[in-house]
A.B. asks: 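Provided herewith is a single structure, encoded as structure tokens, for subsequent inquiry.
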Number of protein chains: 2
Amino acid sequence: MNKSMYQIETLQKIINDEIARRAEVLSARNPAELYAPVNYSLGMGGKRLRPVLLLMSFNLFSEEIENALPAALAVEVFHNFTLLHDDIMDKAEMRRNKPTVHEKFSENSAILSGDAMAFLSYQYLMECRSKQLFDVAGLFTDTALAVCEGQQYDMDFENRLNVTEEEYLEMIRLKTAVLLGCSLKAGALLAHATDEMASQLYDFGINLGLAFQLQDDLLDTFGNQQSFGKKIGGDILANKKTYLLVKALEKAAENHKTELLRWLNIMDFNAEEKISSVTEIYRQLGIKELTEEKIDACFSQAANILHDLPVNDLRKEQLSNLSKNMLGRRF
Amino acid sequence: MNKSMYQIETLQKIINDEIARRAEVLSARNPAELYAPVNYSLGMGGKRLRPVLLLMSFNLFSEEIENALPAALAVEVFHNFTLLHDDIMDKAEMRRNKPTVHEKFSENSAILSGDAMAFLSYQYLMECRSKQLFDVAGLFTDTALAVCEGQQYDMDFENRLNVTEEEYLEMIRLKTAVLLGCSLKAGALLAHATDEMASQLYDFGINLGLAFQLQDDLLDTFGNQQSFGKKIGGDILANKKTYLLVKALEKAAENHKTELLRWLNIMDFNAEEKISSVTEIYRQLGIKELTEEKIDACFSQAANILHDLPVNDLRKEQLSNLSKNMLGRRF
């Protein structure tokens with residue numbers, strides 16, 4: 001491998017070191033009550049997927065990845081801002097095995113420190129004093145608004161039983177995929193790639209993001225608790241409108257539909273029984289296979305776009321490895 | 001008056017017309033649940049002080065105010081975003097005689113639509129395709145973060161009795177004054193004013209903002225309910241750390257201090273009695289006069305800065321009128 005091509009782990013370390021450096025700066029800022037939750041949130045870890053994608057995309061065209069590091073930080077800070085606010089809205093108590101910000105501090109802290117993170121992400125982004133910054137800031141802003149739209153759709157779906165596959169895919173495109181696309185496109189733009197290549201990388205990110213979210217839906221029901229890292233069946237218990245449930249409601253004939261609706265409406269139930277009964281309906285309807293097919297289709301689409309990108313194959317290897325890695329070595 | 005110099009009412013109308021035009025665009029966007037609270041918030045009215053200041057500042061140097069209109073919208077949308085989130089944090093039920101967004105819709109709506117407004121303000125701002133946009137966006141972002149810091153200080157002060165005058169002034173500088181300064185400076189920058197003049201206008205805005213907030217503190221206790229538009233004594237009932245209370249705690253000798261602290265700690269009380277008793281302590285300590293002196297000092301500082309600004313006096317008349325108007329014709 002070329003020395004100037006960075007591997008996933010190296011990039012994660014570069015990003016984590018930079019987050020640690022920034023955390024010191026933030027912890028010296030006042031008021032401490034505003035910045036402590038920011039550092040808590042950024043210090044929770046995670047795979048740093050979005051900044052890694054940004055740097056890898058940049059690295060397809062340029063070796064000076066430190067020039068893109070502020071933008072990489074920006075997408076990570078933005079992503080964590082969305083987690084703070086989403087966790088309040090979803091009343092989530094835990095994230096990455098730690099109390100969420102509104103549980104650890106307060107709801108007001110999670111709102112206000114979240115707001116501060118949104119603006120902090122712009123501060124970091126604007127450190128990239130590049131001619132492309134205008135376009136990147138526009139992309140970043142459009143993406144941020146799209147993510148809000150996705151979260152609103154997700155909340156709206158809670159009260160609906162007639163969500164179509166198309167609506168579901170549009171929701172996860174907005175809520176999850178556009179930020180991956182944005183990270184990849186921003187990296188490409190900052191490295192002076194052509195608009196066409198930047199667009200191809202955006203589309204690669206969208207398809208990768210869809211596959212990634214669908215995989216997450218699948219593993220929540222059919223995964224291995226150890227490797228998934230969360231309790232299996234959480235989505236079923238919460239009646240979450242996942243791809244699995246949307247497809248099951250679409251495919252089910254009268255008898256299965258009645259049983260599914262009974263489980264969706266029942267207030268008093270045994271958790272294990274609900275999980276195993278709904279999972280059994282999914283099995284009988286072939287939902288696992290349908291979901292795997294959709295994941296494969298999205299992943300293949302992403303792989304084809306990356307394959308067609310007019311960049312030396314060796315340079316694309318890291319992005320290809322990362323995308324396989326994201327989908328749990330199924331590919 | 002020169003035809004190209006816009007009066008307050010004309011600017012307010014230009015801004016309100018533009019908000020109405022944007023509202024139509026927003027109401028056609030999906031999901032409707034995300035954008036309805038945005039339009040509700042922007043349609044609540046208000047004096048449009050910040051965008052008026054931006055356009056007036058721009059108008060000191062240029063007549064093509066339509067070039068600055070997107071930036072004017074941006075500061076207004078940003079200001080309304082802070083109101084949505086502050087109202088959740090303060091559990092405020094009413095604003096401008098209407099239910100607040102979290103009361104009218106839901107808390108989740110107020111969080112998420114508020115977030116959307118923050119990004120919408122960047123979208124509007126970036127419509128100003130000016131060479132100065134880089135500097136303006138940086139100023140806007142630093143200001144946004146400062147406003148978050150101010151709100152955090154304000155919340156922290158709720159649990160403190162030893163807030164100093166200096167701390168209080170720094171809090172209102174961040175929470176209120178910097179956005180006025182930002183609006184004025186952004187207008188100047190977009191009109192290609194020199195950096196020095198832009199800075200002078202920023203400082204004018206800071207002092208005007210301080211005077212404005214101190215006046216608001218004063219009127220909450222000593223104002224006329226009719227012209228103030230809110231119930232008198234709200235700050236006293238809420239134990240709000242206003243300039244009046246901070247100064248009273250600083251000035252009070254033992255007997256007054258004991259009584260003030262009793263009113264601050266008492267859980268069960270008659271509202272009218274608490275308001276009249278605390279107001280009486282303020283009277284005995286000369287707090288009204290002290291506050292008026294401070295307002296006069298800030299206002300004079302603002303007026304001097306405006307006076308020294310090397311722009312034709314006639315051009316400055318509108319800003320001078322507006323600042324007097326803001327302080328309720330006391331000047």
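Below, read A as the first sequence line, B as the second, and so on, with proteins coming before strands; counting in each chain starts at 1.
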A.B. asks: Can you tell me which portion of A:Phe140 sits under 4.5 Å from chain B's heavy atoms? Options are side chain, backbone, both or neither.
C.D. replies: neither
A.B. asks: Give, for atom CD1 of A:Ile111 and atom CD1 of B:Ile111, the distance between the pair rounded to the nearest 0.5 Å.
C.D. replies: 4.5 Å
A.B. asks: Hey, could you give me the CD/CG distance between A:Glu33 and B:Asp156, rounded to the nearest 0.5 Å?
C.D. replies: 4.0 Å
A.B. asks: Hey, is CD on B:Glu93 packed in by over 12 heavy atoms from elsewhere, all under 6.0 Å?
C.D. replies: no
A.B. asks: So how far is it from B:Asn108 CG to A:Asp90 CG, rounded to the nearest 0.5 Å?
C.D. replies: 8.0 Å
A.B. asks: Are there more than 12 heavy atoms of other residues, nucleotides or ligands under 6.0 Å from atom CD of A:Glu66?
C.D. replies: yes
A.B. asks: Which residue out of A:Ala116, A:Cys148, A:Ala118 racks up the most heavy-atom pairs below 4.5 Å with chain B?
C.D. replies: A:Cys148
A.B. asks: Could you tell me whether the side chains of B:Glu149 and A:Asn30 share a donor-acceptor contact shorter than 3.5 Å?
C.D. replies: no
A.B. asks: Parallel, tilted or perpendicular: which one describes the rings of B:Phe119 and A:Phe78, with boundaries at 30° and 60°?
C.D. replies: perpendicular
A.B. asks: Hey, which of B:Ala137, B:Gly114, B:Ser106 has the most heavy atom pairs under 4.5 Å with chain A?
C.D. replies: B:Ala137
A.B. asks: Heavy-atom distances under 4.5 Å only: say whether B:Asp115 touches chain A with side chain, backbone, both or neither.
C.D. replies: both
A.B. asks: Calculate, to the nearest 0.5 Å, the distance between atoms NE2 and CG belonging to B:His85 and A:Leu112 respectively.
C.D. replies: 9.5 Å
A.B. asks: Could you tell me if the side chain of B:Phe134 sits less than 4.5 Å from the side chain of A:Arg129, heavy atoms only?
C.D. replies: yes
A.B. asks: How long is the straight-line distance from CG of B:Leu145 back to OH of A:Tyr35, given to the nearest 0.5 Å?
C.D. replies: 3.5 Å
A.B. asks: Need one label for A:Leu174: side chain, backbone, both or neither, based on atoms under 4.5 Å from any heavy atom in chain B.
C.D. replies: neither
